[in-house]
Amino acid sequence: MIDVLLGLQWGDEGKGKIVDYLAAKYDIIARFQGGPNAGHTLYVKGEKVVLHTIPSGVFHTHCLNLIGNGVVIDPVTLQKELEKIGPLCPDLYKNLFVSQKAHLILPSHRALDAASETSKGADKIGSTLKGIGPAYMDKTGRNGLRIGDILSKNFKEKYDKLVAKHTQLLRQYDTIPDWQAWEAPFFEAVEKIRLLNIVNAEYWLDGHMKNGKKVLAEGAQGSMLDIDFGTYPFVTSSNTIAAGVCNGLGVAPARVGEVYGITKAYCTRVGGGPFPTELNEATGEALRAAGAEFGATTGRPRRCGWIDLVALKYAVMLSGVTKLIVTKTDVLDTFGEIKAAVAYTVDGVETNELPFDLCDGEVVPVYKAFSGWEKPVGACKTYDELPVSFKEYCKFVENYLETKIGYISNGTGRDQLLIIE
Ligand code: GDP
Ligand code: IMO
Ligand code: MG
């Protein structure tokens, strides 16, 4: 069986922390999509670590970790990450496995990402500029290079052929970074990545599952950044919903068990694009300050707003979420009033559905207000200890989403997680 853990909003819901906690119950943690655009934060022996490509089970010595075929890998970022966490992870190289079918991010992909974003001006996506879009474009365009290719004698030839295409494409842009300077570090990193456990991952995973091993698929980004169902075109280039697990790892749908969906108790977004419940005033600023809402990958300030139950219900539907996890509840401790969007009015008409294009027409959230708890929930060790108004808020969210909350995160610490039986 394979369980899944996904972000239900626009990313940064706290997936890293929760996977790190859940990893104790699993034998294998597998990333199935995304790439170094992800930034998953966890604390190991009190030290803050941000993972970009490596699964968040890596600090548990009993866990094997797989980077699946659906992930796009930048050898330079991966190599840096390996070097950084090496001292904290004695079995790192023994326990890490990489699918030979995962696609590579080349320096020229990063250049294309940057050039394309610059050319869009005010309409830019707000990409992390890690080369994600161009790498997935080459994958679907059937031009891409895969991890398996770095083992080939002809790798340089294949690389040159693809780069020649990119050079042509780059000519259309006025502003191009000096990407040739990134090539030497790329080839150095490729030499190191070549030494990792590169496997025929779908067979590898099938074998482990047949032997009764428990697998947790770790999502990156969030459901509203999904290439098909997110706020297109302000999305990432992969399927971030549960369906992405099957083609991102090569597992059959019938093998998928529990689907954990994570949401913050409020909402954030980094980069451009629609965000109906965004608060562009003091309350938004207060959320950013209390939640330390700055990107784990780019350091950009995250846009903040109230929880959006309309978007969340859509995400729960798309992935068949069986258990909710609500994080960063402690961030709301000081707010006298808390709001949740329960519907939208789109051009004056009320709806519970996400419109085709959130940028087209005026989308105004309809809010339900709750009184805040104004107590530090971070100190609570059990669900029963939580303030009544906090529980009322949680009950409302559960009822609206028709899904039970299984865990409540009330602080950054590994132990700040309340389990609801
Ligand atoms: P991810 O991308 O989903 O793994 O999330 P990020 O790591 O990008 O961002 C989540 C941030 O919130 C990190 O800095 C976490 O340490 C922090 N965090 C996670 N859970 C909680 C929580 O319950 N309370 C607080 N205050 N911070 C949390
Ligand atoms: P984790 O896994 C938050 C956003 C970017 C941008 C859009 C497209 O940490 O939750 P891309 O680099 O993919 O071309 O950017 O998606 N984005 C994220 N936002 N968390 C992430 O990952 C993100 N990965 C991409 O900010 O708006
Ligand atoms: Mg993140």
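Indexing begins at 1, ligand by ligand and atom by atom, following the structure's order.
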List the closest protein heavy-atom neighbour of [atom]: residue, atom name, distance to the nearest 0.1 Å.
| atom | answer |
| --- | --- |
| atom 4 (O) of ligand 1 | Gly16 N, 2.9 Å |
| atom 6 (P) of ligand 1 | Gly39 O, 3.5 Å |
| atom 22 (C) of ligand 1 | Gly411 O, 3.2 Å |
| atom 24 (N) of ligand 1 | Asp330 OD1, 2.7 Å |
| atom 23 (O) of ligand 1 | Ser409 OG, 2.5 Å |
| atom 10 (C) of ligand 1 | Asp12 O, 3.7 Å |
| atom 7 (O) of ligand 1 | Thr41 OG1, 2.5 Å |
| atom 19 (C) of ligand 1 | Lys17 CD, 4.0 Å |

**Study point:** side chain to side chain donor-acceptor pair (under 3.5 Å) between Thr327 and Glu13, intermediate numbers included
**Key:** CA-CA 7 Å; Thr327 60; Glu13 297 88 351; over 6 Å; no

Is ligand 2 under 4.0 Å from a heavy atom in the side chain of [X], in the backbone, in both, or in neither?
| X | result |
| --- | --- |
| His40 | side chain |
| Asp12 | both |
| Phe234 | neither |
| Arg269 | neither |
| Thr298 | neither |

Atoms of ligand 2 less than 4.0 Å from [X] heavy atoms?
| X | result |
| --- | --- |
| Trp10 | 3 (C), 19 (N) |
| Ala220 | 2 (O) |
| Gly126 | 5 (C), 6 (C), 26 (O), 27 (O) |
| Ile125 | 8 (C), 27 (O) |
| Leu225 | 4 (C), 16 (O), 17 (N), 18 (C), 19 (N) |

Determine whether any heavy atom of [X] lies closer than 4.0 Å to an atom of ligand 2.
| X | value |
| --- | --- |
| Asp113 | no |
| Lys15 | yes |
| Ala296 | no |

Check your understanding: What's the verdict on side chain to side chain contact (heavy atoms under 4.5 Å, CB included) for Phe229 and Ser223, showing C-alpha distance, side-chain angles and the deciding distance?
Key -> CA-CA 7 Å; Phe229 301 104; Ser223 307; over 6 Å; no

Are [X] and [Y] linked by a side-chain donor-acceptor pair shorter than 3.5 Å?
| X | Y | answer |
| --- | --- | --- |
| Ser127 | Glu117 | no |
| Gln221 | Asn37 | yes |
| Lys313 | Asn352 | no |
| Glu293 | Tyr266 | yes |
| His208 | Asp27 | no |
| Gln79 | Glu188 | no |
| His60 | Asp20 | yes |
| Asp308 | Tyr344 | yes |

Practice item. Run the salt-bridge test on Lys130 and Asp74 with the 4.0 Å N-O cut-off and return the result as yes or no. Key: no

Practice item. Ignoring angles and geometry beyond distance, decide whether Lys130 reaches within less than 3.5 Å of ligand 2 through its nitrogen or oxygen atoms. Key: no

Review point. Which word best sums up how the rings of Phe370 and Tyr393 line up, parallel for under 30°, tilted for 30 to 60°, or perpendicular for over 60°?
Key: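 Rings of Phe370 and Tyr393: perpendicular, over 60°.
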
**Study point:** Proximity of Lys328 to ligand 1 by residue part, where a heavy atom lies under 4.0 Å
**Key:** both

Exercise for review: For Asp12 and Gly295, indicate whether the former's side chain and the latter's backbone hold a donor-acceptor pair under 3.5 Å.
Suggested key: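 Absent.
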
Review point. Which of the N/O/S atoms in Asp12 sits closest to the Mg ion (ligand 3)?
Key: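 The atom in question is OD1.
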
Exercise for review: Write down the atom of Val321, the atom of Thr403, and the distance for their closest heavy-atom approach.
Suggested key: O-CG2, 3.6 Å

Study note, to complete from the structure: Looking at Lys15, Arg302, His40, the heavy atom closest to atom 9 (O) of ligand 1 belongs to Arg302

